[in-house]
Amino acid sequence: MPAELLLYYCSNENQKIRLQFQIVLQCAPLLKGMKAAAVLKIARESRRYLKELFSETDILYRVLYDNREICLVFFYRENDLHQYLNQVGIRRFLKEYGYNEMECGNVLTRLGGRIQKFLEQNTEFPHEIGALLGYPLEDVREFIRHNGKKCILSGYWKVYQNPGRASMIFRAYDRAKVCAVNEFLVGRSLSEIAKKGV
């Protein structure tokens, strides 16, 4: 992707266009149905466009943290996230961090509270968010254990085990990003880009 193109959209004066491009660029695997969830830090004033942008999609969002300048937004497909959260290994892992209810709303409320506590009280960051974003559990555990150091590969997440599998996923995510950006550039709306199976 040409740097000039990225610069043009990232510096575009139209806040709504800038937000759309940011979502397409950074959430492509979710938009293309490859992931159940994504998280994005956006400018606070851009938040007002989210409802409109996602109104014709099956993607929901939850603001996890909001201050005067930025919002941390968790995007997800509810059915996909629900199925994911009900996997035995995921449930067991999240319970270690106090997630006792696996309903999406309860999990996101707990996550938002932990992020807010981290930002306001300087507690440990809730790295379990990696599991909610679909990163392999063994990599999330090792990331926490090694404080983000000693990884053997870094891309969409830090990889500690099975780099071959991770590399394949990274390439698939890259293809989703190119596809989504190209669709955006030819004028497709976010709802058209986000159709699963397309």
Side-chain angles (χ1 to χ4, degrees), residues 1-85 104-105 107-109 111-112 115-116 119 125-126 129-135 154-158 168-198:
M1 211 164 305
E4 298 83 15
L5 178 68
L6 293 173
L7 185 60
Y8 170 75
Y9 278 103
C10 292
S11 62
N12 193 301
E13 289 185 20
N14 185 314
Q15 199 173 66
K16 186 176 171 184
I17 290 174
R18 227 177 25 244
L19 176 63
Q20 285 176 291
F21 187 69
Q22 183 184 9
I23 291 167
V24 167
L25 188 64
Q26 295 179 302
C27 300
L30 167 67
L31 296 175
K32 291 300 176 191
M34 302 172 77
K35 290 180 65 180
V39 69
L40 193 59
K41 183 167 54 169
I42 66 170
R44 187 175 197 269
E45 62 270 12
S46 298
R47 179 180 173 177
R48 65 179 181 232
Y49 299 113
L50 291 175
K51 185 175 182 178
E52 174 190 345
L53 291 175
F54 287 95
S55 65
E56 295 180 24
T57 73
D58 63 343
I59 296 174
L60 303 175
Y61 64 91
R62 170 77 69 93
V63 175
L64 297 176
Y65 183 77
D66 183 348
N67 69 18
R68 290 184 188 149
E69 297 172 15
I70 61 114
C71 293
L72 187 64
V73 185
F74 190 91
F75 298 95
Y76 63 103
R77 284 192 164 95
E78 188 167 28
N79 289 338
D80 294 350
L81 185 60
H82 177 74
Q83 287 177 0
Y84 177 76
L85 290 173
C104 295
V107 168
L108 296 177
T109 297
L111 178 62
I115 288 173
Q116 187 163 352
L119 292 169
F125 185 82
I129 192 173
L132 296 173
L133 295 172
Y135 304 161
S154 186
Y156 286 85
W157 69 87
K158 288 193 175 180
M168 286 180 12
I169 294 170
F170 292 171
R171 285 192 298 274
Y173 287 179
D174 286 343
R175 287 190 299 273
K177 184 185 295 187
V178 169
C179 178
V181 168
N182 285 338
E183 290 178 41
F184 178 77
L185 294 176
V186 298
R188 286 201 169 175
S189 67
L190 208 54
S191 62
E192 291 172 316
I193 296 168
K195 289 194 192 279
K196 280 179 87 172
V198 175

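Please read all numbers here as calculations on a predicted model, not as lab measurements. Numbering starts at 1 and runs along the sequence shown.
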task: Could you walk me through whether Arg62 and Thr109 pass side-chain contact (heavy atoms from CB on, under 4.5 Å), step by step?
output: CA-CA 9 Å; Arg62 170 77 69 93; Thr109 297; 3.0 Å; yes
Do [X] and [Y] touch side chain to side chain, with heavy atoms closer than 4.5 Å?
{"X": "Asp58", "Y": "Asn79", "value": "no"}
{"X": "Ile70", "Y": "Arg44", "value": "no"}
{"X": "Lys35", "Y": "Tyr135", "value": "yes"}
{"X": "Thr57", "Y": "Leu31", "value": "no"}
{"X": "Ile23", "Y": "Ile42", "value": "no"}
{"X": "Leu60", "Y": "Phe75", "value": "no"}
{"X": "Leu85", "Y": "Leu132", "value": "yes"}
{"X": "Val181", "Y": "Val178", "value": "no"}

Smallest separation among heavy atoms of [X] and [Y], with atom names:
{"X": "Ala180", "Y": "Ala28", "value": "CB-CB, 3.9 Å"}
{"X": "Ile115", "Y": "Pro126", "value": "CG1-CG, 3.5 Å"}
{"X": "Cys71", "Y": "Val63", "value": "CB-CG1, 4.3 Å"}
{"X": "Leu40", "Y": "Cys27", "value": "CD2-SG, 4.0 Å"}

task: For the pair Tyr156 and Tyr173, name the ring-plane relationship: parallel under 30°, tilted 30 to 60°, perpendicular over 60°.
output: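 It falls in the perpendicular class, over 60°.
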query: Between Phe170 and Trp157, how do the two ring planes meet: parallel, tilted or perpendicular, split at 30° and 60°?
result: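 Phe170 and Trp157: perpendicular rings.
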Measuring from atom [atom1] of [X] to atom [atom2] of [Y], what distance do you get when rounded to the nearest 0.5 angstrom?
{"X": "Leu119", "Y": "Asp66", "atom1": "CG", "atom2": "CG", "answer": "11.5 Å"}
{"X": "Glu52", "Y": "Leu190", "atom1": "CD", "atom2": "CG", "answer": "10.5 Å"}
{"X": "Lys41", "Y": "Ser46", "atom1": "NZ", "atom2": "OG", "answer": "13.0 Å"}

- prompt: Can we say Glu183 and Lys32 salt-bridge, meaning some charged N sits less than 4.0 Å from an Asp/Glu carboxylate O?
  reply: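 Yes, this pair counts.
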- prompt: Is atom CD of Glu56 surrounded by more than 12 heavy atoms (other residues, nucleotides or ligands) closer than 6.0 Å?
  reply: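 For Glu56, atom CD is not crowded (no more than 12 foreign heavy atoms under 6.0 Å).
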- request: Indicate, with yes or no, if the rings of Phe184 and Phe21 have centres closer together than 6.0 Å.
  value: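 Centroid distance Phe184-Phe21: below 6.0 Å, so yes.
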